[in-house]
Enquirer: 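Please find one structure pasted underneath; my questions will follow.
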Amino acid sequence: MPKLYPLLAYSIIIFMSVSCDFSKSPAVTIEDKVDSLLFLMTIEEKIGQTNLLSGNSEMTGPSPTGNSKQLIEKIKKGKVGGLLNLVGATATRKAQEMAVENSRLGIPLIFGYDILHGYQTMFPIPLAQAATWDADAAKLSSQVAATEAAAAGLHWTFAPMVDVSRDARWGRIMESPGEDPYLGAVMAKAWINGFQGEDLAAKNTLAATAKHFAAYGLAEAGREYNTVDISMQALHNNVLPPFKAANDAGVASFMNAFNEINGIPSTGNTYLQRELLKGTWNFQGFVVSDWASVAEMVTHGYAEDLSQAAEQAINAGSDMDMMGFAYNRFLREKIASGEVQEATLDDAVRRILRIKFMLGLFEDPYGYSNVEREKRTLMTAENLQKSREVAQKSIVLLKNEENLLPLSKGVQSVAVIGSLANSKDVPLGSWRAQAISNSAVSILEGIKSTVSAETTVRYAPGYRLTEGERSFVKELSIVEDDRSGFSEALAIAKQSELVIMVVGEDCWQTGEGRSQANISLHGHQNALIESLSEVHENIVAISMTGRPVPLLTVSDHSKALVQVWFGGSTAGLAIADVLFGDASPTGKLPVSFPYHGGQEPLYYSRKNTGRPSNNAKNVFWSHYTDVPNEAMFPFGHGLTYTRFIYSDLQLDVTSEGIQLSFQLSNVGQADGIETAQIYIRDVTASITRPILELKGFKRVSLKQGESQEVTYHLSKSDLSFYNELGQLTFEPGVFEVLVGTSSAETISDRITF
Ligand code: NOJ
């Protein structure tokens, strides 16, 4: 029912409709425009803005949108604020026309999509990007993704995921920046800067989303969507720093999370969303729920029914309801009953409209949906080259006995073994947006295109992983009890000068809903490499996974071991670049690699405990009796084709913190780049602190034989921690400062503040 407006309101509508200058006039601020528009809106139209629906049949959760006829009607009536999963310049333009040309106020829709590591040109998965420890590389990846997606009609990405992830069983660890809050914060900022650029209204940038707020990555036992129970100080020290960095970088939106925290679902969490994010942090963008997470508050046992869930979620600060169908059904009556204030709804809508104005949607609602630009922007040679550069940087050299790597391109013959080596699809990873299936350069192709024309390259699949069940609904069945490929693999190994064996996971073993209790290599991969090592002594092992997996057997039976993750569209080329020395490996692990899955959750920044001794002769100390406490390959580890030495660590107290310097020397046989890492330990504090905390790093490029003094300043805030009230506290005392090539290989000194 159209409502009768006062004269003023009508004159503003008329002014808006006849004067396109309204939205362009610099004298009128975005806040003015938002206020004017809000003034014109009915409660139904306001509620419409908070309603985010899926725009196609692609399911990313259990609840269908309904048929498209109904959806179109809703859009025309102004009952939808945005769509997700609708992509392409043509489709988005059509949907936008329905909103802009048909709804009463013509408010444009916002189109969102999960663009985690590329739109069509795939970059390495986010965990791999974190392995670059290179903010420019991460930024480049999201810049390219934004350019492609914004040409395909999209305005908004549900990325970056900045959940600190310390449990390799959790399938979404692949989407994360890894286990460390500091590295996570660096990556969060870089990704957001890349997506959003300088100007949200530019037609090659996207509004970004920091997700999932909060602690989703710490689900108990690594089981997807599971409970999180976490102390206030751990939440602030370990989980929130990347979110804080995202807010400081001006991220447009936050997404809350499926998990509960300490008994309260994130979606209904007033402390996180209202007090901290919108209060203390003064966040000006909007909070979107996760898919149906408003409705799931009923299942959690927190809301009695959908109507109460709507009330709890919006009151707690969740502004937009993604596929929960709670706000559009119940907010009207909740406002009538006074359980939700209209001012609360206004605040939610104001935040959503603010971002729509900043995106330039009112000025040019069709600006992003440009068929021509879409055609010439996707998967260009330039974008693929950028992806290759980032992929090179994400590769981590885990071991290199006898300097087996880099290999000579003139090698007479190579046996490439492992079905993953021949996959053009697995390197694309999961959360692959609009990647074209089987469009990646496989490892086998990469090797073939790099070695000399005289080199014989032989291939045998060796083991078999099933293709993976690529449906969202069916169970994945990977384990294959099939050794029929062993004899062929052994035969080509015997004929060849060198063996390159690729081990790993299918890309669909990681991602949403892909938690695994057993993270060991599936199938007979370990058995195969054991057999190969009996017939060949020069084995290079390549591990292609989306999570840290136990690699003990692989490492014991190979001379060189390289972690390549899921490297994106040009993975095979980037891997060959590193194997054959066209690029030197510079990646460092953003997660600890375990000896055994039973060590998970495993992270370097652990507490000391009262019984840390590893020299104890009795059994009563904090340890496992069957596997080590330590990581097999620790956080921060990564070799290159030269060697670096750290020396002369100097520490000085300043009024602002600790000034440190050390000498870094390249003592190996090649030029190289080292990511020098700076850790601290607050030795005694009112709340026990971890034995190590990363506080900074520097990428240093040194020629063979060269040395450099590296300096760094640790501020008081770097030396502080959050207490149980969530307050940042500085406690003077003894600090240990450690610098080194990984969290396990450092030089250190102590200083009293
Ligand atoms: C659920 C996921 O948790 C979230 O990350 C994603 O953005 C939405 N589905 C939409 O696809």
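Every heavy atom of this structure was used, including side-chain atoms; hydrogens, water molecules and symmetry mates were not. Indexing begins at 1, ligand by ligand and atom by atom, following the structure's order.
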Enquirer: Can a donor-acceptor pair be found between the side chains of Tyr225 and Glu296 at a distance below 3.5 Å?
Expert: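 The criterion, which ignores hydrogens and geometry beyond distance, is not satisfied for Glu296 and Tyr225.
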Enquirer: Quick one: which ligand 1 atoms are inside 4.0 Å of a heavy atom on Asp290?
Expert: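 In order of number, 1 (C), 2 (C), 3 (O), 4 (C), 6 (C), 8 (C), 9 (N).
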Enquirer: Which bit of Glu512 is near ligand 1, meaning a heavy atom under 4.0 Å away: side chain, backbone, both or neither?
Expert: side chain
Enquirer: Which residues satisfy the side-chain hydrogen bond (donor to acceptor under 3.5 Å, both in side chains) test with Tyr216, sequence neighbours excluded?
Expert: Arg172, Glu224
Enquirer: Tell me yes or no: between the side chains of Gln49 and Tyr327, is some donor less than 3.5 Å from an acceptor?
Expert: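 Short answer, no.
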Enquirer: Enumerate the residue pairs fulfilling side-chain hydrogen bond (donor to acceptor under 3.5 Å, both in side chains) with a member in residues 190-204, sequence neighbours excluded, ordered by first and then second residue.
Expert: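 Every pair satisfying side-chain hydrogen bond (donor to acceptor under 3.5 Å, both in side chains) with a residue in residues 190-204: Gln129-Trp191.
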Enquirer: Before signing off on this row, confirm whether His212 and ligand 1 have an N or O atom pair separated by under 3.5 Å.
Expert: yes
Enquirer: Please say whether Asp114 places an N or O atom under 3.5 Å from an N or O atom belonging to ligand 1.
Expert: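 Yes; the residue has a nitrogen or oxygen that sits under 3.5 Å from a nitrogen or oxygen of the ligand.
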Enquirer: Answer with side chain, backbone, both or neither: which part of Met323 has a heavy atom less than 4.0 angstrom from an atom of ligand 1?
Expert: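 It is neither part, as no heavy atom is under 4.0 Å.
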Enquirer: Taking 4.0 angstrom as the limit and counting only heavy atoms of Phe158, give me the atoms of ligand 1 inside it, by number and element.
Expert: 7 (O)
Enquirer: Testing the 3.5 Å rule here: is there a donor-acceptor pair between the side chains of Thr92 and Ser369?
Expert: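 Judged by distance alone, the side chains do pair up.
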Enquirer: Answer with yes or no whether Tyr113 contacts ligand 1, where contact means a heavy atom under 4.0 Å from a ligand atom.
Expert: no
Enquirer: Short list, please: which atoms of ligand 1 are under 4.0 Å from a heavy atom of Met255?
Expert: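 Listed by number with element: 4 (C), 7 (O).
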Enquirer: Ser318 pairs by side chain to side chain donor-acceptor pair (under 3.5 Å) with which of Asn256, Thr270, Asn269?
Expert: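 Only one of Asn256, Thr270, Asn269 forms a side chain to side chain donor-acceptor pair (under 3.5 Å) with Ser318, namely Asn256.
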Enquirer: If we ignore angles and hydrogens, is there a donor and acceptor under 3.5 Å between the side chains of Thr209 and Ser253?
Expert: yes
Enquirer: Going by distance alone, is a donor N or O of one side chain under 3.5 Å from an acceptor N or O of the other, for Thr121 and Glu148?
Expert: yes
Enquirer: Distance under 4.0 Å to a non-hydrogen atom of Lys211: what atoms of ligand 1 satisfy this?
Expert: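 What qualifies from ligand 1 is 4 (C), 5 (O), 6 (C), 7 (O).
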Enquirer: So for ligand 1, is Tyr216 a polar contact partner (N or O within less than 3.5 Å, distance only)?
Expert: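 So ligand 1 has no N or O lying under 3.5 Å from an N or O of Tyr216.
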Enquirer: Heavy atom under 4.0 Å from ligand 1: found in Leu84's side chain, backbone, both, or neither?
Expert: side chain
Enquirer: Measuring from non-hydrogen atoms of Met161 to any atom of ligand 1, is the shortest distance under 4.0 Å?
Expert: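 The answer is no: ligand 1 sits nowhere under 4.0 Å from a heavy atom of Met161.
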